[in-house]
Amino acid sequence: MFLTRRHIFSAVRKATTTTMTHLNPCQKALFHDCPVNELQPLRLLLLGSPGSGKGTQSNRLQKNFGVAHLSSGDLLRRNINQKTTAGLRASDYMAKGQLVPDELMLSLIDDELTLMGNPNWLLDGFPRTILQAKALDSRLQKLTQPLNLVINLEVPEDVILERIMDRWVHIPSGRVYNLSYNPPRVPNTDDVTGEPLSKRPDDNPEVFRVRMQQYKDMCAPILDHYSSIAVTLRGNTSDEIYPQIEREIVNRLGLLPGVLSVPSTTSMAAAAVSRHKREQQQRQTTLGEKQHHQRKRQEKRSPLNAATMSDNHTESAAAGGP
Ligand code: AP5
Ligand code: MG
């Protein structure tokens with residue numbers, strides 16, 4: 001059967017979690033301009049310095065790809081907020097900008113991984129030590145869901161400090177705001193729940209310096225550990241970096257940004273939407289031309305029937321029919 005771009009496109013949307021065995025590489029290449037591998041679920045680790053935009057990018061990826069987002073920092077903050085035993089242990093370390101002990105982090109994350117319930121997910125800020133990475137690898141191996149992409153965000157240090165001073169967070173969800181870049185619709189209030197926003201106790205220049213140093217120490221060994229699937233993306237703003245992230249996902253995993261009916265902020269999704277519209281217009285034009293020729297042929301044979309047919313077409317079109 002000859003597959004049009006529309007057929008292929010809808011097949012990809014349906015099969016975001018399965019391999020597209022029914023399409024050959026040429027057919028798959030019609031989706032976008034990049035070379036395409038087999039379609040794989042997204043199992044992404046997002047690394048980056050404090051304030052590099054891991055949380056911001058995660059929110060976009062959640063919206064555009066429908067992935068589950070697990071942030072170790074958000075998880076710890078929720079535990080502190082709820083005064084759990086783990087939270088009480090973690091709070092001192094976090095307030096000083098130090099890593100919490102590996103066994104504490106691992107016990108918290110382990111439960112979350114089990115509850116994930118979505119084959120497409122991204123980890124934000126975990127693992128940060130080789131011991132955590134090895135523990136995660138063997139856990140994911142057992143679940144037959146190994147990481148398949150590691151993205152490290154690199155943003156200049158001077159840009160970041162200013163952002164962090166302006167950051168407000170909604171602790172229960174981990175949503176992040178910035179007074180100049182993405183302010184809440186109502187001051188000091190979360191857009192979704194209407195609950196109050198908070199300042200993070202580790203968002204001050206002294207603790208930021210400790211967190212930055214800690215990131216510099218851990219970054220190289222972790223990138224080395226995942227060297228076969230890791231990539232570093234650079235830019236001054238999240239808007240500059242986001243299209244690069246999308247491109248890596250499309251290129252390496254064959255996934256397209258998700259629901260096209262939702263207006264998208266991304267170039268890739270916008271291109272897919274306009275391509276879809278173009279194809280729709282082409283189909284309508286072809287249909288219109290066919291009907292026109294059909295009427296002409298009918299007119300030649302029997303002018304009276306042709307007039308009736310034309311009326312039917314007008315009614316059908318007015319009713320939204322074919
Ligand atoms: P964590 O919560 O992970 O903090 P972090 O790594 O320091 O990263 P941030 O959350 O500060 O930054 P982000 O990259 O998410 O940036 P964001 O999108 O918010 O960890 C906190 C602590 O928990 C650690 O110090 C440690 O103690 C502990 N911990 C966590 N994981 C651990 C682990 N695995 N092991 C042990 N301990 C662990 O963006 C920053 C701001 O910039 C926002 O306000 C945003 O709105 C704004 N912004 C984004 N883009 C732009 C733009 N283009 N222009 C202007 N502003 C922008
Ligand atoms: Mg964050």
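Whatever order the structure lists them in is the order used to number ligands and atoms, beginning at 1.
Under the 3.5 Å distance criterion, the side-chain polar atoms of Asn148 are matched with a main-chain donor or acceptor of Pro41. Judged by distance alone, the side chain of Arg211 and the main-chain N or O of Pro50 form no donor-acceptor pair under 3.5 Å. Side-chain atoms of Asn81 do not come within 3.5 Å of backbone N or O of Arg77 as any donor-acceptor pair. Between the side chain of Asn204 and the backbone N or O of Pro201, at least one donor-acceptor pair lies under 3.5 Å. No donor-acceptor distance shorter than 3.5 angstrom exists from the side chain of Gln132 to the backbone of Leu106, with no hydrogens or angles considered. Listed for the Thr84 side chain is no donor-acceptor partner under 3.5 Å among the backbone atoms of Gln82.
Of the options Lys54, Arg77, Arg167, Glu162, the smallest heavy-atom separation from atom 19 (O) of ligand 1 is shown by Arg167. When Gly97, Ser71, Gly51 are checked for heavy-atom proximity to atom 12 (O) of ligand 1, Gly51 turns out nearest. Closest heavy-atom approach to atom 7 (O) of ligand 1 within the set Arg211, Met94, Glu240: this belongs to Arg211. Compare Leu76, Val207, Leu46 by their heavy atoms: the one nearest to atom 38 (C) of ligand 1 is in Leu76.
Residue Gln98 has at least one heavy-atom neighbour below 4.0 Å for each of these atoms of ligand 1: 26 (C), 27 (O). Heavy-atom contacts of Ser238 reach the following atoms of ligand 1: 49 (C), 50 (N), 51 (C), 53 (N) (cutoff under 4.0 Å). Interface atoms of ligand 1 facing Gly55, defined by a heavy-atom separation under 4.0 Å, are 13 (P), 15 (O), 18 (O). Listed by atom number, the atoms of ligand 1 under 4.0 Å from Gly125 heavy atoms are 31 (N), 32 (C), 33 (C), 34 (N). Those atoms of ligand 1 with a heavy atom of Ser49 less than 4.0 angstrom away are 14 (O).
At least one heavy atom of Arg200 sits less than 4.0 Å from an atom of ligand 1. Look at Val100 and you'll find a heavy atom under 4.0 Å from some atom of ligand 1. In this structure, Ala90 does not count as a contact residue of ligand 1, since none of its heavy atoms falls inside 4.0 Å of the ligand.
Nearest protein heavy-atom contact of atom 31 (N) of ligand 1 is Ser72 OG, 2.7 Å. Nearest to atom 47 (C) of ligand 1 among the protein's heavy atoms is Asn178 ND2, 3.5 Å. Summary of contacts: the protein heavy atom closest to atom 39 (O) of ligand 1 is Thr56 OG1, 3.6 Å. Nearest protein heavy-atom contact of atom 16 (O) of ligand 1 is Gly53 N, 3.2 Å. Looking only at heavy atoms of the protein, atom 56 (N) of ligand 1 is closest to Tyr181 CB, 3.3 Å. Protein heavy atom at the shortest distance from atom 42 (O) of ligand 1 is Arg163 CD, 3.1 Å. For atom 35 (N) of ligand 1, the closest heavy atom belonging to the protein is Gln132 NE2, 2.9 Å. For atom 3 (O) of ligand 1, the closest non-hydrogen atom on the protein side is Arg128 NH2, 2.3 Å.
Below 3.5 Å of separation, one finds an N or O of Ser52 facing an N or O of ligand 1. Close N/O approach between Leu99 and ligand 1 is not found [any backbone or side-chain N/O within under 3.5 Å]. Among the atoms of Val176, none of the N or O lies under 3.5 angstrom from an N or O of ligand 1.
Here the side chains of Leu42 and Trp121 are not in contact, with every heavy-atom distance at 4.5 Å or above. Counting heavy atoms from C-beta outward, Leu179 and Arg167 have side chains that stay 4.5 Å or more apart. Side-chain atoms of Leu123 and Met116, non-hydrogen and from C-beta on, do get closer than 4.5 Å to each other.
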Practice prompt. For salt bridge (charged side-chain N to carboxylate O under 4.0 Å, His left out), just list the numbers for Asp166 and Arg163, CA-CA rounded to whole Å, side-chain angles, deciding distance to a tenth of an Å, and then say yes or no.
Written response: CA-CA 5 Å; Asp166 261 0; Arg163 285 184 188 179; over 6 Å; no

Worksheet entry | Test salt bridge (charged side-chain N to carboxylate O under 4.0 Å, His left out) applied to Glu195 and Arg175, step by step | CA-CA 11 Å; Glu195 290 166 353; Arg175 272 183 287 278; over 6 Å; no

Item to complete: Go through the steps for His225 and Asp137 under the test side chain to side chain donor-acceptor pair (under 3.5 Å), then give the verdict.
Response: CA-CA 11 Å; His225 180 78; Asp137 293 348; 2.7 Å; yes

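For the 3.5 Å distance criterion, the side chains of Asp190 and Thr193 qualify, holding a donor opposite an acceptor. Side-chain contact annotation: Arg139 with Thr114, donor-acceptor N/O pair under 3.5 Å present.
Test Glu240, Gln244, Glu154 against Arg234 for side chain to side chain donor-acceptor pair (under 3.5 Å) and you get one pass: Glu154.
The proximity of Tyr177 to ligand 1, defined as any non-hydrogen pair under 4.0 Å, is limited to the backbone. Only the side chain of Asn182 comes within 4.0 Å of ligand 1, counting heavy atoms alone; its backbone N, CA, C and O stay farther away.
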